[in-house]
Amino acid sequence: MVCSVSICAGEIFELKAELNSDKKEKKKEAVKKVIASMTVGKDVSALFPDVVNCMQTDNLELKKLVYLYLMNYAKSQPDMAIMAVNTFVKDCEDANPLIRALAVRTMGCIRVDKITEYLCEPLRKCLKDEDPYVRKTAAVCVAKLHDINAQLVEDQGFLDTLKDLISDSNPMVVANAVAALSEIAESHPNSNLLDLNPQSINKLLTALNECTEWGQIFILDCLANYTPRDDRESQSICERVTPRLSHANSAVVLSAVKVLMKFMEMLPKDLDYYGTLLKKLAPPLVTLLSAEPELQYVALRNINLIVQKRPEILKHEMKVFFVKYNDPIYVKLEKLDIMIRLASQANIAQVLAELKEYATEVDVDFVRKAVRAIGRCAIKVEQSAERCVSTLLDLIQTKVNYVVQEAIVVIKDIFRKYPNKYESVIATLCENLDSLDEPEARAAMIWIVGEYAERIDNADELLESFLEGFHDESTQVQLQLLTAIVKLFLKKPTETQELVQQVLSLATQDSDNPDLRDRGYIYWRLLSTDPVAAKEVVLAEKPLISEETDLIEPTLLEELICHIGTLASVYHKPPSAFVEGSRGVMHKRLPARTGSGESTESPDVGTAAGGSAPEAAPSIIPSQGDLLGDLLNLDMAPPTTSGPPPPTTGMQMGGMDLLGGGLDSLVGISHSVDPYAATPGQPVNPFWVKWSLHSDGVLCLQVWLPAMKAKGLEISGTFARRAGVIQMELILTNKAMSVMTDFAIQFNRNSFGLAPAGPLQVLTPLGPNQTIEVSLPLSTVGPVMKMDPLNNLQVAVKNNIDVFYFSCQYPISMLFVEDGKMERQLFLATWKDIPNDNESQFQIKDCHLNSDAASSKLQGSNIFTIAKRTVEGQDMLYMSIKLSNGIWVLAELKVQAGNPNYTSMCFRVMFLFIIQAFTVFFPQPR
C-alpha cells in the first residue's frame with residue numbers, strides 16, 4: 001500500500017499552469033512530473049480536471065501517461081472521470097489500432113460503475129475490430145468488466161462474443177479469449193462457459209504452436225480442464241502437446257507436463273506410446289533443475305508430486321537429485337525427499353553412500369534429515385535394511401550428539417518394521433542413554449527399553465533413571481515412560497511392582513496433563529481388575545509401520561496433479577485451503593482410465609466396492625457382533641416404517657447392537673453432567689417448558705462433534721418438530737484439506753426408537769472450508785433400548801475418510817404428538833389411577849405469562865389444556881401429553897398472576913421410568 005504524501009500548494013499551482021500551457025512539450029513534461037509525484041505516493045488528485053484536458057492530443061506517449069493517471073484516480077473522483085468518457089469513445093474509433101486498444105484497456109481498468117455503461121458500445125466494436133491487437137485487448141477487457149458488473153456482461157452478450165473469439169484466426173486473440181473465459185469460469189464454477197468439444201480443442205491446439213509463451217500457458221491450462229472421450233483422442237492431444245516440453249520457459253513446460261500427466265490416465269499401460277511418453281517426460285523435468293535456486297525449488301515441489309504419482313518417469317535419474325555443496329537448504333531438503341521416493345533395490349547402494357556423506361555435513365538441519373532418510377530407506381527397501389542399520393551404527397559411533405539422537409529415532413522405526421531382526425544393536429543404543437536431551441530421542445529410547453525389557457538386564461534401572469525427573473520431561477516422554485514401565489511390569493511383575501506404583505501415582509495424582517492422567521487411570525484400572533486383559537492390551541502385537549508414511553493422501557494428490565505449475569503444487573495444498581474469498585472452487589480430479597481391461601486405479605474404491613449390494617437392515621439389530629459391529633458397511637436404506645414398533649424385550653435391551661454396547665465408553669460420553677441441568681443451589685429453569693413458553697420454537701445449535709475428534713469434520717446440530725415430523729438439523733463443516741464424500745448416518749438403539757427416516761442427503765462433495773446444512777427427518781419406529789439419560793442419542797456418521805461417533809440429547813418435547821388431547825373423563829380417571837409415587841413437581845422461574853397465554857403457547861408444543869380452575873388466587877391448568885410411543889403424561893400447571901417466580905408444574909405418569917425424561921430438565925424435584 002502506497003502512503004499518501006502531502007504536496008505543497010505552490011507546487012500544485014506550478015503544475016496546473018504547466019498543464020494548461022499551449023506548448024506541447026511543456027505540457028508533456030508537466031504530465032510526467034504529475035505521474036512521478038503520483039508514483040512516490042504524493043496526492044495529486046487536485047490536478048484531475050487539468051490532466052483530463054490533456055487527453056485531447058495525438059501524441060501517443062502523452063495519452064498513455066494521462067490514461068495511467070486516470071486509472072489511478074478515477075475511483076476517488078468518479079464524477080470527474082465522467083468527463084473523460086467522450087474522449088475514450090472517440091479514441092476507440094481512432095485510425096491507430098494502438099490508440100483504440102489503449103482506450104478500451106483503460107476503460108476496463110477504471111473500476112467506476114458510472115463508466116461501465118459507456119464502455120459497452122466501444123467494447124462491442126473492439127471485440128469485432130479488424131486489427132487482432134485490438135481484439136485481444138478487448139477480450140481481456142471483458143473479464144475485467146465481468147468482475148465489476150457480471151450481469152451487465154451477460155445482458156450485453158459479451159460472453160457469446162468471447163466464445164466466438166476462440167475460433168479467431170489470430171492465435172494471440174484465441175489465447176486471450178481463453179484466458180478471459182477461464183478467469184470468468186473460476187469465479188462462476190457452475191457456468192460451463194468453456195464448453196470444450198473436439199472441434200474447439202483442435203482450434204486451441206492449432207493456436208498453441210503460434211502464440212506467445214504466456215498464450216501457450218493459458219491454452220495448456222484450458223486443455224487440462226478437458227476430459228477426452230477415449231484413449232485415442234487422449235493420445236492425439238498428448239502427441240500435439242509433447243513439443244511444448246522443449247520450450248525455454250519453465251512455466252510452459254510445467255503446464256505441458258500437467259496436461260500429459262492428466263491424459264496419461266486414460267492411456268492403456270500396455271500401449272507403446274505410453275512407454276514413449278514416460279521417457280519424453282524425464283528430460284524436461286531434469287532440465288528445470290539447472291535453473292536458479294528459486295526455480296529449482298518450484299520444479300522440485302512439482303516433481304515431488306509427479307514422483308508420488310508416477311515414480312517410473314524419473315527412476316533412472318537419481319543422480320540429478322544428488323545435493324550440491326552450494327545448494328540452498330530448501331533445495332537440499334526437497335532433493336533429499338525425492339531421493340527417498342525414488343530409492344529402490346537397484347539404486348540403494350549409491351543412495352546410501354550419498355546419504356552417509358550428507359550426515360557429515362555442517363548444516364545441522366540437513367544432517368538430521370539425512371540420518372532420518374537412511375531410516376526411511378531401510379523401511380522402504382527391505383533388502384537394504386541391514387546395510388542401513390550398519391550405516392546408522394557407524395554414525396552413532398561418531399558421538400555427534402544430534403546425529404546419535406536422530407539415529408535412535410529412526411532405529412525405533414526399523415524395529416517396528418522388522419521385529420526380532422536387529423535387536424542386537426540395543427546394547428550400543430543404551431551406551432548413549434546419557435547423551436539424549438531431545439524429547440523425541442528420549443521417547444524413542446524409552447520405547448525401545450520398554451518394548452525389549454526382557455532382553456535388557458537392567459531395564460528397570462534405565463527406566464528409573466528417567467523417572468527421577470518425571471515432571472521436568474515433555475508430555476511425549478512422560479506418556480512413553482508410563483507405557484514402558486507398565487510393559488516392564490507385565491514382563492517382570494515381581495521385580496518392578498514399586499516402580500509401576502510410583503509412575504502410576506506420578507501420572508494420576510501429581511500431573512495436570514489430562515492425557516497423561518487418563519492413560520494412567522486406564523492402566524491402573526486394567527492392572528487392578530484384569531491383569532490378563534492388561535497384558536493382551538498393552539503387549540499386543542503391533543502392526544508393521546507403513547513404508548511410506550508421508551505420502552500425500554491419494555484424492556488430494558490427484559487434485560494437486562491437476563494444479564501442477566500453480567501455487568497449489570508448491571504449497572502441496574488445494575487452492576481452497578489458501579485462497580480467501582473465492583466464490584466457488586472446482587475440485588479437479590484425474591480422469592478414469594479407459595481403453596484397457598485393467599481396473600481404474602482410484603484410491604476411493606474400497607475392497608467392498610466390487611461386492612454384492614448390501615442387504616437391507618433388519619428391523620431389530622441382532623445382539624451378536626463385535627464391538628463396532630458392521631459400521632464400516634453402513635446400510636444407506638431408510639428404516640422400514642411398516643408394522644408396529646419392535647417390542648422391547650429384556651434380551652434386546654441388554655444385547656450388543658450395531659454401534660456396540662460399549663459405545664459410551666468408546667466415545668468418552670459422560671452421563672454425570674447434563675447440559676440442561678441447573679447447578680446445585682441455583683433456581684431450576686426447566687428447558688423444554690421454558691422453550692415452549694418463551695420462544696418461537698427454535699433451539700440453539702450445539703457442536704456435537706468437534707473437528708479435532710473427527711479428522712476435520714465438524715458437526716453442529718439441533719432438533720425441531722415440523723408438521724408432525726421430527727427433524728434433525730445438521731450443519732457439516734469440512735475443516736480438513738481433502739474433499740469429503742459418501743456421507744451416511746446411523747443411530748444406536750435408543751429409548752424412543754428414533755431412527756433416520758431416509759438417507760443423509762449430502763448430494764455434493766464437501767470441499768475444504770465448506771459448510772453444508774442438512775435436514776434429516778426422523779421416524780420413531782426404530783429398535784428400542786433404554787438409555788441413560790433417557791433422551792440420549794448415540795450417532796455414527798460415516799464418510800469416505802472414516803466412521804465417527806458422537807452423542808447428543810434431544811428435547812423430550814420433540815416426542816409430543818399432535819393427537820395428545822385426552823378426553824376429560826378419561827383424564828380424571830387416569831389421574832386418580834396413577835400412584836402418588838409416580839408424581840414429580842418442578843418450579844419454573846421467570847414465567848411472565850398468564851394462564852391463558854401459557855396454555856396457548858404450550859399447545860404449540862402439543863401440550864394440551866384439558867381443564868382449568870382457580871383456587872385461592874392461582875390458576876391451575878390440567879394438561880395432557882402423548883409421547884410418540886403411545887405413553888400418556890398428565891400435568892398440572894400452577895400460575896399465580898403477578899408472581900412470575902411462583903409458576904410450577906406437576907407431572908404424573910403411569911410408567912415411572914418416563915419421569916427420567918422430565919427430570920433431565922428438572923434436576924431438583926420437590
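Numbers here simply count residues along the sequence, with the first being 1.
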Item to complete: Please identify each residue that fulfils side chain to side chain donor-acceptor pair (under 3.5 Å) with S775, with sequence neighbours left out.
Response: Q727, E729
Item to complete: State which residues pass side chain to side chain donor-acceptor pair (under 3.5 Å) with S880; sequence neighbours excluded, sorted by chain then number.
Response: none
Item to complete: Please tell me if the side chains of D512 and R517 come closer than 4.5 Å, counting only heavy atoms from C-beta onward.
Response: no
Practice prompt. For the residue pair K894 and L877, establish whether any side-chain heavy-atom pair is separated by less than 4.5 Å.
Written response: no
Practice prompt. Keeping the roles fixed (side chain from N799, backbone from M740), state whether a donor-acceptor pair exists under 3.5 Å.
Written response: no
Worksheet item: Counting only N and O atoms by type, is there a donor-acceptor contact under 3.5 Å from the side chain of D515 to the main-chain atoms of D518?
Response: no
Worksheet item: Tell me the salt bridge (Lys or Arg N to Asp or Glu O under 4.0 Å) pairs involving residues 755-765, sequence neighbours left out?
Response: none
Practice prompt. Test I726 against T780 for side-chain contact (heavy atoms from CB on, under 4.5 Å), laying out the working first.
Written response: CA-CA 9 Å; I726 304 171; T780 55; 4.0 Å; yes
Discussion item. Strictly distance-based, threshold 3.5 Å: is any side-chain N or O of N800 a donor or acceptor partner for the main-chain N or O of V739?
Written reply: yes
Worksheet item: If we only count heavy atoms from C-beta on, is the Q859 to T865 side-chain gap below 4.5 Å?
Response: no
Response to the item:
In terms of heavy-atom contacts, F804 and K709 come closest through CD2-O, 4.3 Å
Worksheet entry | side-chain contact (heavy atoms from CB on, under 4.5 Å) against E541, all qualifying residues, sequence neighbours excluded | none
Worksheet item: Can you name the residues that form a side chain to side chain donor-acceptor pair (under 3.5 Å) with S884, not counting sequence neighbours?
Response: none
Worksheet item: Looking only at atom types and distance, does a side-chain atom of T483 sit under 3.5 Å from a main-chain N or O of Q480, one as donor and one as acceptor?
Response: no
Fill in: Flag side-chain contact, heavy atom, 4.5 Å: L527 against L504
yes
Practice prompt. Would you indicate whether the side-chain heavy atoms of H572 and L305 approach each other to under 4.5 Å?
Written response: yes
Discussion item. Quick check: do I812 and F752 have side-chain heavy atoms less than 4.5 Å from each other?
Written reply: yes
Fill in: Test side chain to side chain donor-acceptor pair (under 3.5 Å) applied to E818 - qualifying residues, sequence neighbours left out
R721, N862
Worksheet, complete the sentence: Sorted by chain and residue number, the ring pair (Phe, Tyr, Trp, His ring centres under 6.0 Å) partners of Y571 (sequence neighbours excluded) come out as F578
Worksheet item: For N513, does its backbone N or O pair with a side-chain atom of S511 as donor and acceptor, under 3.5 Å?
Response: yes
Discussion item. Within the 4.5 Å heavy-atom criterion, are V817 and L883 side-chain neighbours or not?
Written reply: no
Worksheet item: K573: what forms a salt bridge (Lys or Arg N to Asp or Glu O under 4.0 Å) with it, not counting sequence neighbours?
Response: none
Worksheet item: Are the side chain of E536 and the backbone of A533 linked by a donor-acceptor contact shorter than 3.5 Å?
Response: no
Item to complete: Evaluate the ring planes of F719 and Y810, with Trp represented by its six-membered ring, and classify them as parallel (under 30°), tilted (30 to 60°) or perpendicular (over 60°).
Response: perpendicular
Worksheet item: Among I715, L713, T771, I772, which residue meets the side-chain contact (heavy atoms from CB on, under 4.5 Å) test with T733?
Response: T771
Discussion item. Suppose we screen for salt bridge (Lys or Arg N to Asp or Glu O under 4.0 Å). Which residues come up paired with D819, at least two apart in sequence or across chains?
Written reply: K882
Item to complete: Quick one: list whatever passes side-chain contact (heavy atoms from CB on, under 4.5 Å) with L479, sequence neighbours left out.
Response: T475, L516, R519
Item to complete: Report yes if some heavy atom in the side chain of Q702 is under 4.5 Å from a heavy atom in the side chain of T718; otherwise report no.
Response: no
Worksheet item: Stepwise, does the side-chain contact (heavy atoms from CB on, under 4.5 Å) test hold for W888 with M822?
Response: CA-CA 9 Å; W888 288 91; M822 187 180 277; 3.3 Å; yes
Item to complete: Would you kindly say whether N791 and S751 are connected by a side-chain donor-acceptor distance under 3.5 Å?
Response: no
Practice prompt. Can you sort out the partners of E440 under side-chain contact (heavy atoms from CB on, under 4.5 Å), two or more places apart, ordered by chain and number?
Written response: R372, V409, Q476
Worksheet item: Hey, is the main chain of L766 close enough, under 3.5 Å, to the side chain of N734 for a donor-acceptor pair?
Response: yes
Worksheet entry | Results of side-chain contact (heavy atoms from CB on, under 4.5 Å) for Q761 - residues two or more places apart only | P759, L763
Practice prompt. Apply the side-chain contact (heavy atoms from CB on, under 4.5 Å) test between F816 and each candidate in I881, L858, V889; give the one that qualifies.
Written response: I881
Discussion item. If we count only N and O atoms by modelled type, under 3.5 Å, do the side chains of T555 and S738 hold a donor and an acceptor together?
Written reply: no
